[in-house]
Each structure stands twice: as structure tokens, then as C-alpha cells.
A.B. asks: 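Here's a structure for you.
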Amino acid sequence: RVVCLHGFRSNSDLLRVQLAPYLARSFADLFEWVFVSSPKRATGPAQADIPLEFETFEWWGTADLPYETAWTRGFDDFYETFGHVTRLGPLDGAVGFSQGAA
């Protein structure tokens, strides 16, 4: 089982779409891919290229700051979101994008 963690102010569905071309070519049948959204709702708007109708999440962050700097603060939430991932049980690996890789 490989957990897949999205980036800042994104979600598991968007990451699944982003990784689909790579998984389909080589790794789709080798592992169980577990796509997870953070339990912490985004504290601000997502990147401009993410449609507004998508609910977005972050692993940590701070409201009332520009997108470019909000992800560099608010680490207190990390332990809650990390616990969310560890409760998934035994994992063989992880794939993370941006904040999800940190």
C-alpha cells in the first residue's frame, strides 16, 4: 500500500488526476494506491489554476496570508494531519506532492 498525499490547498482527487498518466504507464498494478485528503480544510484560496468548485485542503497553513507565504506558517496543525495518515495502518511507501511530500 502506497499513500498519496496532495499538495497545499489541493485534494486527493486532484492528485489522482495529476498522477494518472504515470500510474497507468508503469505502476498501476504493482501497489494499492491510497489517495488521502488532509482533514484540515484550506484556510484560503487555492492556486488560480484549480477550479473554485473543488474543495481544497492543506496539511498545515495560516489564514489571511497570501498563497505564496501561507504554507510556510501554521505548523501546529501538522500533528493532527500526520495522525490522520498514520491511522491508515501499515504502509509500504508514500508519494507526496509539494506540501504533501514535506
Side-chain angles (χ1 to χ4, degrees):
R1 289 173 30 132
V2 177
V3 65
C4 301
L5 306 173
H6 61 80
F8 183 62
R9 296 185 180 164
S10 185
N11 67 39
S12 60
D13 293 332
L14 292 167
L15 182 60
R16 186 185 313 270
V17 169
Q18 291 169 316
L19 290 180
Y22 305 104
L23 298 180
R25 281 191 288 207
S26 50
F27 302 113
D29 297 329
L30 295 177
F31 303 102
E32 175 188 353
W33 300 93
V34 181
F35 289 83
V36 178
S37 285
S38 169
K40 179 178 167 50
R41 293 193 191 293
T43 58
Q47 277 184 249
D49 60 343
I50 294 179
L52 294 175
E53 63 267 14
F54 284 95
E55 185 174 17
T56 58
F57 302 87
E58 58 197 40
W59 299 103
W60 65 83
T62 301
D64 303 323
L65 289 176
Y67 178 88
E68 293 76 21
T69 56
W71 65 271
T72 66
R73 303 211 176 36
F75 297 107
D76 294 342
D77 295 323
F78 172 75
Y79 292 104
E80 174 192 345
T81 59
F82 181 70
H84 180 71
V85 173
T86 58
R87 285 189 291 276
L88 294 172
L91 298 166
D92 299 303
V95 172
F97 177 76
S98 189
Q99 193 182 56

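The shown structure was predicted, so the numbers you read here are calculated from the model rather than taken from an experiment.
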A.B. asks: Do the non-hydrogen side-chain atoms of Trp60 and Gln99 ever get within less than 4.5 Å of each other?
C.D. replies: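 Counting from C-beta outward, Trp60 and Gln99 do come under 4.5 Å.
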A.B. asks: Say whether, by atom type as modelled, one donor and one acceptor occur between the side chain of Arg1 and the main chain of Leu88 under 3.5 angstrom.
C.D. replies: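 Yes.
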A.B. asks: Taking the side chain as every heavy atom from C-beta outward, state whether Phe35 and Arg16 have any pair of such atoms under 4.5 Å apart.
C.D. replies: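 Yes, side chains in contact.
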A.B. asks: Find the distance between CD (Gln18) and CG (Asp13) and round it off to the nearest 0.5 Å.
C.D. replies: 11.0 Å
A.B. asks: Could you tell me the separation between the CD atom of Gln47 and the CZ atom of Phe8, rounded to the nearest 0.5 Å?
C.D. replies: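 The CZ atom of Phe8 is 9.5 Å from CD of Gln47, to the nearest 0.5 Å.
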A.B. asks: Could you tell me whether Leu52 atom CG has more than 12 heavy atoms of other residues or ligands within 6.0 Å of it?
C.D. replies: no
A.B. asks: Under the side chain to side chain donor-acceptor pair (under 3.5 Å) test, which residues partner Ser12, sequence neighbours left out?
C.D. replies: Ser37
A.B. asks: If you define the side chain from C-beta out and look only at heavy atoms, does anything of Val3 sit under 4.5 Å from Leu5?
C.D. replies: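 SC-SC contact between Val3 and Leu5 confirmed.
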A.B. asks: Indicate yes or no for a side-chain donor-acceptor contact from Asn11 to the backbone of Thr56 under 3.5 Å, with no hydrogens or angles considered.
C.D. replies: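 Answer holds: no.
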A.B. asks: Does some side-chain heavy atom of Val95 sit less than 4.5 Å from a side-chain heavy atom of Leu19?
C.D. replies: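 The answer is yes; the side chains approach within 4.5 Å.
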A.B. asks: Among pairs that include at least one residue of residues 81-102, which meet ring-ring contact (aromatic ring centres under 6.0 Å, His included), considering only residues two or more places apart or in two chains?
C.D. replies: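 Output for this query lists Phe78-Phe82.
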A.B. asks: Hydrophobic side-chain clustering at under 4.5 Å (ILVMFWY, transitive links): who's grouped with Leu14? Put none if nobody.
C.D. replies: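 Members alongside Leu14: Ile50, Phe54.
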A.B. asks: Report yes if some heavy atom in the side chain of Val2 is under 4.5 Å from a heavy atom in the side chain of Glu32; otherwise report no.
C.D. replies: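 Answer no - side chains too far apart.
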A.B. asks: Are any side-chain N or O atoms of His6 and backbone N or O atoms of Ser38, one a donor and one an acceptor, separated by less than 3.5 Å?
C.D. replies: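 Yes: the side chain of His6 pairs with the backbone of Ser38.
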A.B. asks: Could you tell me if Glu58 and Thr43 have a donor-acceptor pair between their side chains, going purely by distance under 3.5 Å?
C.D. replies: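 Glu58 and Thr43 do have a side-chain donor-acceptor pair below 3.5 Å.
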A.B. asks: Main chain of Gly7, side chain of Ser10: is a donor-acceptor contact present, judged purely on distance under 3.5 Å?
C.D. replies: no
A.B. asks: Answer yes or no: is there a donor N or O on one side and an acceptor on the other, between the side chain of Arg9 and the main chain of Pro45, under 3.5 Å?
C.D. replies: yes
